[in-house]
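Written out below as structure tokens is the structure these notes cover.
Note that the coordinates shown come from a computational prediction; the quantities given were computed from them, not determined experimentally.
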Amino acid sequence: MALDLKDKGNAALAIGNYEQAIEHYTKAIELDPNNHVLFSNRSAAFAKQGKYQNALEDAEKTVSLKPDWPKGYSRKGTALSFLGRKDDAAKAYGDGLKFDPTNQQLLDGLREVKQSQPSFGGNNMFPTESFLKLAQDPRTKDLINDQQFMSLLMECQKDPQKLIMNMQDPRISAALSVMMGINLMGEDDKMDTEPSPPPPPKQKREPTPPPPEKSEDESLTEEQKEAKKEKDLGNEQYKQKNFEAALVHYNKAIELEPTNMTFYNNVAAVYFEQKEYKKCIDQCEKAVEVGRENRADFKLIAKAFSRIGNAYKKLEDYKSAKTYFQKSMSEHRTPEVRTIISELEKKIKEQDRKAYVDPVKAEEAKEKGNEFFNKGQFADAVKFYSEAIMRNPDEPKYYSNRAACYTKLAAFDLGLKDCEKCVELDPKFLKGWIRKGKILQGMQQSSKALTAYQKALEIDSSNTEALEGYRSCSIAANSDPEEMRKRAMADPEVQDIIRDPAMRLILEQMQNDPKALSDHLKNPDIASKIQKLIESGLIAIR
């Protein structure tokens, strides 16, 4: 039961629902109060929520339950850092490094804390990478497991006076030589205080250190070395797209070293290339499980989650894909994954919109809208016509019906917008042009209304409504020429035409030479501007 609650908490944390995550972890702790992982996870949730004191309390509980677990110290260091207690944060990271000197998360945390502190003396005496040097150098690698020495070294780092007092300690001299790149022991690098003989030539006294790859291989067991060979063979086959052969090698590597999540990730990569996306997902889930159990690098776990996300993306299950990319971000944040999540959110929105489309339900909503329209309940009718549009956004008559409602409600701008959408979807939709003409008449834009009615008459030259609208607009346009000109001059489009020096020259030329009109009308742009001036009543062609 506690494990189920923990999994629910992890899922909530991955999607940013921190409050729910904390609730699940708290319930799990009530059932299993000695589980250090639960306190660690809740500490992370508190930190994400900005409750750093609570995060610190849970981190300290984690450390008390499992003192040799590096992640507990990482949680503690993070909480202390956010609380502004940089020295204490550095100490927490340093305490964790005593148990795992190469832990990248602790080293990164320590480096970030040090970068935010003054650069002279104190806790910035040793660079972060120096602890890794200490663990890798054959002269000092045994010291890293000496907890008494590591405690002394941390105290020296915090208090330079203690460093001076302990300079006679050969272990301190050896450590400083390696960590800071200075020679405190003599050229023979021996851990003693006896005088050193004169140094031989530099090229003879400083042997070339072995490459990291060789060092790593030497520390591997026979099974691990064999597993690595199988993985390398699998990689070669993978590059050549011999996927079945690659699978054989990767699975052999898993048999030899079943605790290495990289091999499971490699198998998942093959399944992805083979378009076996369900198998890919299952394999990645297994990789994460193995990685969690064996404290794998967070970046490897993030990679597995991203591959699951990509598999779901290929399956067009965008919601599941988004969930797993968010899990990847919770392990290791990268701008690339953030971009993918944004793209998925757009796809999900469009998918939801398309899933909502249902022409049958659209017609049902339209009929209900008609009922309310006939009762004079126009606001309610708008609601049902809007539902019909969402159910079938490509049907022009729904926009036309809603435009009629907006006209009754005197919301002419909204009605005009619906009419324009209506005739955009179907330029031959007669009623759309007629409704547009009526709305423009109501907005006192007779010349534009006249154009709309002309469009309607092109579709049906005998339509009574279109003919009546055209006549009334023509009468209105000619009844008061002065008023018509005033309205025309208030039109921004007309103003732009009048201000155009080229058009002013053309109009002057037309006035002096009427025959010039036919030449200018051959230019579509000039012809449309002249037509606009004619419609607005500013010029007349005889």
Closest heavy-atom pair, G96 versus L106, reported as atoms and distance to 0.1 Å, is C-CD1, 3.5 Å
How far does NZ of K48 sit from NZ of K51, to the nearest 0.5 angstrom? 16.0 Å
Quick check for you: to the nearest 0.5 Å, what is the distance between N266 atom CG and M261 atom CE? 10.0 Å
Would a distance-only check, ignoring hydrogens and angles, find a side-chain to backbone donor-acceptor pair under 3.5 Å from R391 to Y356? yes
Y93 (side chain) donor-acceptor with Q105 (main chain) under 3.5 angstrom: no
Tell me whether S81 contacts the main-chain N or O of T78 through its side chain, where contact means a donor paired with an acceptor under 3.5 Å. no
For side chain to side chain donor-acceptor pair (under 3.5 Å), just list the numbers for Q237 and E244, CA-CA rounded to whole Å, side-chain angles, deciding distance to a tenth of an Å, and then say yes or no. CA-CA 9 Å; Q237 296 297 327; E244 290 301 329; over 6 Å; no
Ring centres under 6.0 Å, that's the criterion: do Y52 and F46 meet it? no
Could you measure the distance from the NZ atom of K71 to the OG1 atom of T62? Nearest 0.5 Å is fine. 10.5 Å
Closest heavy-atom pair and its distance - N392, A362: CB-CB, 3.7 Å
Please verify the inter-ring angle class for Y312 with Y324; under 30° counts as parallel, over 60° as perpendicular, anything in between as tilted. parallel
Residues E331, R292: salt bridge by 4.0 Å N-O rule: yes
Any side-chain heavy-atom pair from N35 and K66 closer than 4.5 angstrom? no
I'd like to know if the side chain of R307 reaches the main chain of N265, judged simply by a donor and an acceptor atom lying under 3.5 Å from each other, with no hydrogens or angles considered. yes
Decide yes or no on salt bridge (Lys or Arg N to Asp or Glu O under 4.0 Å) for E350 and R353, but give the supporting numbers first. CA-CA 5 Å; E350 178 62 17; R353 186 190 72 79; 2.9 Å; yes
Using modelled atom types only, decide if a donor and an acceptor are shared between the side chain of E395 and the backbone of A388 within a distance under 3.5 Å. no
Do D232 and K229 sit within salt-bridge range, that is, some charged N less than 4.0 Å from a carboxylate O? no
Restricting to non-hydrogen atoms, name the atom on Y264 and the atom on A287 that form the minimum distance, rounded to 0.1 Å. CB-CB, 3.5 Å
What's the shortest heavy-atom distance between N103 and P70, and which atoms? ND2-CB, 3.8 Å
Looking only at heavy atoms, which two atoms of C284 and I308 are closest? And how far apart? CB-CG1, 3.2 Å
Euclidean distance, E255 CD relative to E226 CD, rounded to 0.5 Å: 12.0 Å
Can we say D95 and K91 salt-bridge, meaning some charged N sits less than 4.0 Å from an Asp/Glu carboxylate O? yes
Pair Y277 + Y271: ring centers closer than 6.0 Å: no
Which heavy atom of D32 sits nearest to which heavy atom of L38, and what is that distance? O-CD1, 3.8 Å
Decide side-chain contact (heavy atoms from CB on, under 4.5 Å) for K421 and R402; before the verdict, give the C-alpha distance in whole Å, the side-chain angles of both, and the deciding distance to 0.1 Å. CA-CA 11 Å; K421 182 65 177 177; R402 191 170 67 175; over 6 Å; no
Please confirm whether K322 makes a cation-pi placement over F325, using NZ or CZ under 6.0 Å from the six-membered ring centre and within 45° of the ring normal. no
Verdict with supporting geometry, E387 and E364, side-chain contact (heavy atoms from CB on, under 4.5 Å): CA-CA 10 Å; E387 172 68 12; E364 291 173 0; over 6 Å; no
Short N-O contact, D352 and K349, less than 4.0 angstrom: no
